J.: 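If you scroll down you'll find the structure; I have some questions about it.
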Amino acid sequence: MALSLRSLAARFLARKTAVSAVAAMAIKASGALLTVAVFTMAARGMTSDDFGRLAIWFNALSFLAVAACFGQDTLIARSFGEYAGKGDYAQAWSAYRYGWFMIVASALVFACGMLVLAPFFFPSLARTALLAGAFFLVAQTLLHYSSHSTRVIVNFVVSEVTRELVWRVVLLIVVIWSVLHQGLTPAEFFTAAGIGQILSFAAALRYVRAAYKAHPVERTNQADRRQWLPRGLAMWQSAVVEAGSANFDVMIIGYLASPEAAGDYFVAARIANVFIMVLTGLNTYSMSQSASLHFSGQTQKLQDILRSLVLVSTAMLAPLLLLIYVFGHEILMIFGERFSAVYPTLVVLSTACFVMSSSGSASVILLTTGHEKIYSRIITAATLLRFTLTAMLSFLFGSLGAAWAFALVNAPLFMALSIICKRAVGADTSVMSVFPYLRARIARGAYSA
């Protein structure tokens, strides 16, 4: 009887996790498709050089927004999960407020620094575009913290709908209107995106307020405040390196090759980014669970969740990879006929991203279970190597060379991180975790027979 109850509980957990994983990845995939739609319209409404410059600035500001978070977006996922898991809401809410103070101050400093320094490096940049870019930088920084904190305080559905969908819908409407009526300018693009992001995190704050009413505290407790800054700094270093890894490619290509080549790579990367968005969906659900399960000693439950997540994602992404192999030319031509030539770049990037997604959420697990320092060292070394390869290969082979640099570093890196996570935490995040589970099930079946 006890065995059957445990079996039913395991099946319920697996089904609940699978449904949650599909929901998280569906939201992420929807966000990726909205992004593709936005830049499809932009590419069709701008010259190749102007679109390349927009791509370069979008990546640069996206990087600065992550840097401006100062590690607080990842820190709150660990801190709130750890304290709330122990029932210590006094410290949990204190960590949340501390994060908002740090994030607002940092966002304003970064935006002011951009307004002061950018004219020296880009004297031809229009003032309206500069102001719109600074506004976008502040809004995206606040959205990063809002979404990460909402994920662990409320749930991943509210977090991801506000993070991935709301602001992109607003941006898409404005881009379509601009392209059809008067042409799109960078100032219009970044202003619309910033307004959409303000609306997004304002909506999320309403749900956080309701969560606070469910667990109110008379006085906050800042006993661990001295630990938050050094923890956040280690997480900030990792986040900056990851953001650089995700955004510097386009900037390097634009500098060493041409804005047109940067635009070509950007388009291929946006399509291949669907795989990374699904991986981020895995990370979204993992982050909401990992800290509380790890620090409460429920490692086996964490492993069950991770195995279900990676199995669902791999089953979803394998057909998508095949679709890109077969119809990649046609998909690229949505952006314009000239982008059909970018097919080899798309294939290399998509294959590497599929391998990365099959390796699971090792980065998030390491960051939220107290192993942020080792992760920071590994990701820093790997990113420096990749930047070197990107500079060399993009100079020689353009966007395809940069794609190979991405694949040769990131695919082995993510496989190695899953191995390190298994040894450090005791949970295997990769698709390989499915095979020991199947062998155990087969062995139990043979024993029962």
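If you're wondering where the values come from, they're calculated on a predicted model, not measured in any experiment. Side chains included, hydrogens not; waters and symmetry mates left out as well; all remaining heavy atoms used. Positions are given from 1 along the sequence.
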J.: Is a donor on one side and an acceptor on the other found under 3.5 Å between the side chain of Gln303 and the backbone of Asp428?
T.: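 Yes, the answer is positive, given that a donor and an acceptor are paired below the 3.5 Å cut-off.
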J.: Might you point out which heavy atoms bring Val348 and Ala407 nearest each other, and give the distance in Å?
T.: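 That would be CG1-CB, 3.8 Å.
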J.: If every non-hydrogen atom of Val174 is compared with every non-hydrogen atom of Glu188, which pair is closest and at what distance?
T.: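 Shortest heavy-atom contact: CG1-O, 4.4 Å.
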J.: Would you say the ring centroid of Phe136 lies under 6.0 angstrom from that of Trp57?
T.: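 For Phe136 and Trp57, the ring centres are not under 6.0 Å apart.
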J.: Donor-acceptor pair, distance only, cut-off 3.5 Å: does the side chain of Thr429 make one with the backbone of Ser359?
T.: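 A pair under 3.5 Å: yes.
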J.: Taking only residues two or more places apart in sequence or in another chain, which ones pass side-chain hydrogen bond (donor to acceptor under 3.5 Å, both in side chains) with Gln140?
T.: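 Here no residue qualifies.
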J.: For Ser146, is there any backbone N or O sitting under 3.5 Å from a side-chain donor or acceptor partner on Thr150?
T.: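 Checking the backbone N and O of Ser146 against the side chain of Thr150, a donor-acceptor pair under 3.5 Å is found.
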J.: Under a 3.5 Å distance rule, please check whether Ser357 uses its side chain to pair with a backbone N or O of Phe354 as donor and acceptor.
T.: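 At least one qualifying donor-acceptor pair exists.
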J.: Taking the side chain from Thr40 and the backbone from Val36, do they hold a donor-acceptor pair closer than 3.5 Å?
T.: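 A pair under 3.5 Å: yes.
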J.: According to ring-ring contact (aromatic ring centres under 6.0 Å, His included), who are the partners of Phe39, at least two apart in sequence or on a separate chain?
T.: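 For Phe39, the residues satisfying ring-ring contact (aromatic ring centres under 6.0 Å, His included) (neighbours in sequence not counted) are Phe58, Phe189, Phe266.
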J.: Could you walk me through whether Met46 and Leu54 pass side chain to side chain contact (heavy atoms under 4.5 Å, CB included), step by step?
T.: CA-CA 9 Å; Met46 306 174 77; Leu54 176 65; 3.8 Å; yes
J.: What residues, two or more places apart in sequence or in another chain, satisfy ring-ring contact (aromatic ring centres under 6.0 Å, His included) together with Phe110?
T.: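 Checked Phe110 against ring-ring contact (aromatic ring centres under 6.0 Å, His included); zero matches.
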J.: Measuring from atom NE2 of His144 to atom OG1 of Thr74, what distance do you get when rounded to the nearest 0.5 angstrom?
T.: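 His144 NE2 to Thr74 OG1: 10.0 Å, rounded to 0.5 Å.
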J.: Check Thr191 against Ala132 and note the closest heavy-atom contact, atom names and distance.
T.: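 Shortest heavy-atom contact: OG1-CB, 3.3 Å.
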J.: Output side-chain donor-acceptor pairs under 3.5 Å for residues 199-210, partner residues at least two apart or in another chain, one line each.
T.:
from	atom 1	to	atom 2	distance (Å)
Ser200	OG	Thr162	O	3.1
Ser200	OG	Trp167	N	3.2
Ser200	OG	Gly196	O	2.9

J.: Supply the atom-to-atom distance Ser79 OG to Tyr98 OH, rounded to the nearest 0.5 angstrom.
T.: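 One finds 9.5 Å between OG of Ser79 and OH of Tyr98.
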J.: Tell me yes or no: between the side chains of Arg270 and Thr35, is some donor less than 3.5 Å from an acceptor?
T.: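 Their side chains do not contain a donor-acceptor pair, so the 3.5 Å distance test is not met.
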J.: Keeping to residues at least two apart or across chains, list the salt bridge (charged side-chain N to carboxylate O under 4.0 Å, His left out) pairs with something in residues 95-104.
T.: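 Sorted result for residues 95-104: empty, none.
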J.: Quick one: do Gln197 and Arg163 satisfy side chain to side chain contact (heavy atoms under 4.5 Å, CB included)? Show the steps, please.
T.: CA-CA 8 Å; Gln197 289 169 345; Arg163 176 186 176 90; over 6 Å; no
J.: Can you list the residues that meet the ring-ring contact (aromatic ring centres under 6.0 Å, His included) rule with Phe70, with sequence neighbours excluded?
T.: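 By the ring-ring contact (aromatic ring centres under 6.0 Å, His included) rule, Phe70 matches Trp236.
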J.: Hey, does the side chain of Ser159 reach the backbone of Ser147 with a donor-acceptor pair shorter than 3.5 angstrom?
T.: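 It does hold such a pair.
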J.: Give a yes or no on this: more than 12 heavy atoms of other residues, nucleotides or ligands lie within 6.0 Å of atom CE of Met432.
T.: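 No, not enclosed.
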J.: Distance-only check: which donor-acceptor pairs under 3.5 Å involve side-chain atoms of residues 411-420, not counting sequence neighbours?
T.:
from	atom 1	to	atom 2	distance (Å)
Ser418	OG	Met415	O	2.6

J.: Has the side chain of Asp304 got a donor or acceptor atom that lies under 3.5 Å from a matching backbone atom of Arg307?
T.: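 Side chain of Asp304 to backbone of Arg307, a donor-acceptor pair under 3.5 Å: no, none is there.
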J.: Could you please spell out the steps behind the side chain to side chain contact (heavy atoms under 4.5 Å, CB included) verdict for Phe275 and Met356?
T.: CA-CA 8 Å; Phe275 295 90; Met356 292 162 63; over 6 Å; no
J.: Check side-chain contact (heavy atoms from CB on, under 4.5 Å) between Ala424 and all other residues, then give those that pass, not counting sequence neighbours.
T.: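 Listed in chain order: Leu366, His371.
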J.: The criterion is side-chain contact (heavy atoms from CB on, under 4.5 Å); which residues satisfy it with Thr345, sequence neighbours excluded?
T.: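 Testing Thr345 for side-chain contact (heavy atoms from CB on, under 4.5 Å), a comparison that skips the adjacent residues, returns Tyr265, Ala268, Val342, Leu349, Ser399, Leu400, Ala403.
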J.: What residues form a side-chain contact (heavy atoms from CB on, under 4.5 Å) with Thr380, not counting sequence neighbours?
T.: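 Per chain and number, Thr380 pairs via side-chain contact (heavy atoms from CB on, under 4.5 Å) with Gln237, Val241, Ser376, Leu384.
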J.: Main chain of His215, side chain of Trp93: is a donor-acceptor contact present, judged purely on distance under 3.5 Å?
T.: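 Yes; judged by distance alone, with no hydrogens or angles, the pair exists.
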J.: Any chance CD1 of Ile374 has more than 12 other-residue heavy atoms, nucleotides or ligands included, within less than 6.0 Å?
T.: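 No, not enclosed.
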J.: For Val409, which residues count as a side-chain contact (heavy atoms from CB on, under 4.5 Å) partner, sequence neighbours excluded?
T.: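 Val409 satisfies side-chain contact (heavy atoms from CB on, under 4.5 Å) with Ala382, Leu385, Arg386, Leu389 once adjacent residues are dropped.
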J.: Would a distance-only check, ignoring hydrogens and angles, find a side-chain to backbone donor-acceptor pair under 3.5 Å from Ser106 to Ala68?
T.: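 Indeed, once roles are kept as given, a pair shorter than 3.5 Å links the two residues.
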J.: When rounded to the nearest 0.5 angstrom, what is the spacing between CG in Leu64 and CG in Asn59?
T.: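 Reported to 0.5 Å precision, the distance equals 11.0 Å.
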J.: Could you go step by step and tell me if Met114 and Leu130 meet the side chain to side chain contact (heavy atoms under 4.5 Å, CB included) rule?
T.: CA-CA 8 Å; Met114 175 184 165; Leu130 180 59; 3.8 Å; yes
J.: According to ring-ring contact (aromatic ring centres under 6.0 Å, His included), who are the partners of Tyr83, at least two apart in sequence or on a separate chain?
T.: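 Per chain and number, Tyr83 pairs via ring-ring contact (aromatic ring centres under 6.0 Å, His included) with no residue.
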